[in-house]
Colleague: 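A single structure is presented below for examination.
In this text, all values refer to a predicted model and were calculated from it rather than measured experimentally. So that the names make sense, note that chain A is the first sequence line, chain B the second, and so on, each numbered from 1.
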Amino acid sequence: MSDINDKLIIIIKDALVKAFNYEDKSNMIMIETPSDISHGDYSTNCAMRLAKILHNAPINIADRLTDEFKKNDLFTKVEVVKPGFINFFIKKDSMTNSLKDILNEKDKYGSSDFGKQEKVMVEYVSANPTGDLHLGHARGAAYGDALTRILKFTGYDVLREYYVNDAGHQIDVLANSLFERYKQILNLPFEEANIGYQGKDVINLAQGIVDKDGNKWVNADIEEREEYFKNVGINLELDKIKKDLALYRVSFDNFTSERSLYKRGLVSNTIECLKKAGYTYTQDGALWLRTTDFKDDKDRVLIKSDGSYTYLVPDIAYHKDKFDRGYTHLINLFGADHHGYIARLKAGIKILGYNPDNLEVEIVQMVRIMEGDKEVKMSKRTGNAITIRELCEDVGVDAARYFFLCKPLDSHFDFDLELARKQSSENPIYYIQYAYARMMSILKKDDSYEIKDYYPLLTKDKEIELIKVLSEFKNELINISKNKDVNSLTNYCYKLSSLFHSYYTEEKVLVEDNIALSKERLALIKACSITLKNALNLLGIEAKEKM
RNA sequence: GGCCCUGUAGCUCAGUUGGAUAGAGCAACAGCCUUCUAAGCUGUGGGUCAGGCGUUCGAGUCGCCUCAGGGUCACCA
């Protein structure tokens with residue numbers, strides 16, 4: 001509650017009531033931190049925004065509000081500028097008041113109940129269990145993981161979910177490949193043409209079955225055998241995926257299998273519901289869904305003329321199930337190549353009577369892998385797409401995650417392996433981790449800071465600036481939860497680190513002959529380290545105590 | 001052709017839900033270690049925010065048009 005942002009908003013609302021008898025209910029009041037310090041510690045443009053509502057010129061509104069503000073002893077000065085900005089200059093030791101909360105809340109600092117425990121399900125990665133995760137998945141994986149951490153921290157009840165496409169054609173191909181390899185290992189005749197997945201991993205899987213079961217499946221019941229080979233294939237592929245994700249520090253609460261949707265009858269049930277809703281028709285022997293009624297470019301097939309379902313049906317069923325499980329807000333991370341898919345999915349949701357606005361789809365734009373100025377398409381070692389595992393081993397998990405998280409999702413992104421590999425100043429991840437290591441090395445020497453309401457000896461501009469940045473942290477996280485722009489958090493880390501490095505070279509924290517000053521500065525450094533560590537934790541990046 | 005994304009310093013990109021004189025890093029140049037970690041700091045130069053029109057007190061940000069690049073348009077998953 002001692003957050004300066006919140007405090008200012010309350011003061012402004014109060015002044016609006018006193019000066020204009022106006023009660024602000026919409027969120028018209030915004031606090032900004034001017035880039036130019038001569039414009040005050042904080043400023044607001046509310047006089048301009050409220051001009052129409054209050055039927056008054058911005059300057060007049062600002063003036064009358066400022067008369068109220070001047071009665072408050074939080075400020076050393078309040079000024080009105082040009083069109084109607086109000087600039088607040090705050091007493092320095094009042095600014096230091098926010099350190100207390102940081103030092104008390106520690107690893108909880110920055111958390112809030114903003115989300116009011118709304119049930120949110122975030123689905124990401126959801127790669128088919130038919131091979132290794134490659135770099136196309138890495139961006140969405142890092143992003144989804146960081147986003148869910150932030151959503152939890154800001155008070156949402158979050159479920160992290162991975163949808164396993166284990167019912168489609170690709171799994172048949174995997175199972176068949178596995179069976180052919182199985183026969184091959186047993187020196188039985190086999191069909192090279194049926195081996196859709198040429199990878200070594202399939203051979204290893206087949207060897208595993210031979211080791212365990214010998215030739216028992218050669219003459220087994222076909223259905224039983226197919227089921228078994230599918231399960232083996234899926235489980236082992238999924239295990240690999242889970243291991244790679246764990247290495248990359250990405251985890252999930254739940255894996256939902258497409259086949260389980262069929263087994264639970266949700267898919268056929270969805271067909272019935274869609275039919276009942278009256279948006280289906282038969283044409284050319286197929287069953288169609290009239291998605292064009294909901295902004296799709298063309299109608300979509302639900303049941304093909306050969307009687308099998310298209311991918312769309314289980315997917316609509318899956319999203320219906322998400323809502324039915326009690327989640328009021330769904331967030332999906334889709335690759336850019338799936339963007340055309342959103343309209344038909346939302347149409348299905350709408351037809352089934354759910355609100356498509358409660359499904360928020362974030363598009364993960366393309367990633368190009370670069371080595372300097374050359375694009376790298378394939379791994380040199382394996383000749384296949386570069387996997388997440390290779391990336392982590394190559395550049396390290398921290399650098400990999402940082403690079404994927406530091407750009408907005410909707411921008412095309414060139415991942416420069418050379419730069420990420422560099423352990424030097426060119427690589428921003430080390431800049432941030434180095435800042436943390438420097439903070440810790442001071443605190444290791446001396447951590448005799450005190451927790452108190454005000455720190456009157458912290459009067460340097462850089463000290464006040466640092467405190468300002470620290471006190472923005474909670475709001476920063478709330479904004480990220482609202483806007484889903486995780487990259488702002490990497491920017492925040494960079495800003496805080498940069499300010500700290502600058503302060504570090506300018507002022508000594510431990511001043512030999514001034515214990516009182518040292519103690520206050522230590523409190524500031526402690527607060528910096530708490531905030532930076534919390535931020536890095538949310539990004540899934542290690543805060544190293546030593547470098 | 002329809003839809004989605006992008007266009008900001010030589011290069012890679014930020015840009016606080018429309019705010020005050022558009023910012024970082026790299027690269028270039030000039031400085032700073034007997035002092036808590038120099039993977040750091042300080043300073044200098046560098047811009048028609050692709051282009052145009054509009055919306056208003058105010059536009060890199062919102063709307064429309066043009067140009068350029070990327071992606072995507074299955075009875076595949």
Side-chain angles (χ1 to χ4, degrees), chain A residues 27 30 32-36 38-39 43 45 48-49 51 57-59 81-85 87 128 130 165 167-171 258 283-288 295-298 300-306 308-312 314-315 335-343 363 365-366 368 370 373 406-414 416 419 422-431 433-435 437-446 472 475-476 479 482-483 485 487-488 490-492 494-495 497-498 500-512 518 521-522 525 546-547:
Chain A
N27 292 323
M30 284 175 48
E32 291 168 323
T33 54
S35 46
D36 187 342
S38 71
H39 291 133
S43 89
N45 58 5
M48 289 172 281
R49 300 191 75 177
I59 280 279
V81 183
K82 282 190 282 182
F85 291 105
N87 295 338
N128 292 348
T130 51
N165 291 120
H169 177 63
Q170 294 185 29
I171 299 300
E258 184 183 355
Q283 188 184 307
D284 304 329
L287 184 72
W288 295 71
K295 293 185 207 159
D296 199 4
D297 352 334
K298 51 183 103 167
R300 306 292 167 177
V301 170
L302 296 172
I303 303 178
K304 295 183 247 178
S305 46
D306 69 1
S308 62
Y309 294 121
T310 60
Y311 179 77
L312 182 60
D315 220 31
D337 52 344
H338 281 68
H339 92 267
Y341 193 75
I342 300 168
I363 294 296
Q365 282 296 338
M366 302 291 295
R368 284 198 311 168
M370 309 294 285
D373 49 11
C406 73
K407 299 292 183 293
L409 255 204
D410 56 9
S411 68
H412 303 251
F413 175 42
D414 289 346
D416 188 344
L419 177 59
K422 267 185 197 161
Q423 304 212 355
S424 76
S425 56
E426 288 170 65
N427 192 337
I429 180 63
Y430 294 103
Y431 184 85
Q433 289 183 317
Y434 185 48
R438 276 181 148 181
M439 293 170 195
M440 294 317 286
S441 84
I442 297 171
L443 291 165
K444 246 174 244 166
K445 269 206 158 137
D446 187 348
E472 282 165 10
N475 267 307
E476 191 74 39
N479 284 333
K482 275 195 274 194
N483 302 330
D485 53 340
N487 72 300
S488 309
T490 62
N491 291 344
Y492 180 86
Y494 196 88
K495 184 165 74 174
S497 301
S498 166
F500 168 77
H501 280 308
S502 173
Y503 174 65
Y504 181 94
T505 29
E506 207 164 287
E507 302 292 340
K508 215 137 147 92
V509 173
L510 302 171
V511 188
E512 290 268 327
S518 296
R521 288 185 171 175
L522 279 169
I525 298 306
K546 217 165 141 189
M547 281 179 75

Colleague: Please work out whether the ring planes of Phe500(A) and Tyr504(A) are parallel, tilted or perpendicular, with thresholds of 30° and 60°.
Modeller: tilted

Colleague: Could you check whether the rings of Tyr341(A) and Tyr311(A) sit parallel, tilted or perpendicular, using 30° and 60° as the cut-offs?
Modeller: tilted

Colleague: Taking N and O atoms by type only, does the side chain of His338(A) place a donor or acceptor under 3.5 Å from a partner on the base of A77(B)?
Modeller: yes

Colleague: Taking the P atom of each, how far is C49(B) from G2(B), in whole Å?
Modeller: 29 Å

Colleague: Among C41(B), C36(B), C75(B), which is the nearest nucleotide to the side chain of His501(A)?
Modeller: C41(B)

Colleague: Record whether the side chain of His339(A) comes under 3.5 Å of the base of C5(B) through a donor-acceptor pair of N or O atoms.
Modeller: no

Colleague: Decide yes or no for Ile303(A) and Thr310(A): does some side-chain heavy atom of the first lie under 4.5 Å from some side-chain heavy atom of the second?
Modeller: no

Colleague: Tell me the interatomic distance from Met370(A), atom CE, to U12(B), atom P, rounded to whole angstroms.
Modeller: 9 Å

Colleague: What does the list of N/O pairs under 3.5 Å between the protein and nucleotides 33-35 of chain B look like, with a distance for each?
Modeller:
residue, atom, partner, partner atom, Å
U35(B), O2', Lys508(A), NZ, 2.5

Colleague: Can a side chain N or O of Lys495(A) be found less than 4.0 Å away from OP1 or OP2 on A14(B)?
Modeller: no

Colleague: Going 5' to 3' along nucleotides 15-24 of chain B, which nucleotides have protein heavy atoms under 4.0 Å from the base (write B), which only from the sugar-phosphate (write S), and which from neither (write -)?
Modeller: S-B-BBB--S

Colleague: With a 3.5 Å cut-off and just heavy-atom distances, do the side chain of Ser502(A) and the base of C41(B) make a donor-acceptor pair?
Modeller: no

Colleague: Taking 4.0 Å as the cut-off, does a side-chain nitrogen or oxygen of Ser411(A) come that near to OP1 or OP2 on A14(B)?
Modeller: yes

Colleague: Going by atom types only, do Thr130(A) and Asn128(A) share a side-chain donor-acceptor pair under 3.5 Å?
Modeller: no

Colleague: Taking atom types as they are modelled, would you say the side chain of His169(A) forms a donor-acceptor pair with the base of C76(B) within the 3.5 Å cutoff?
Modeller: no

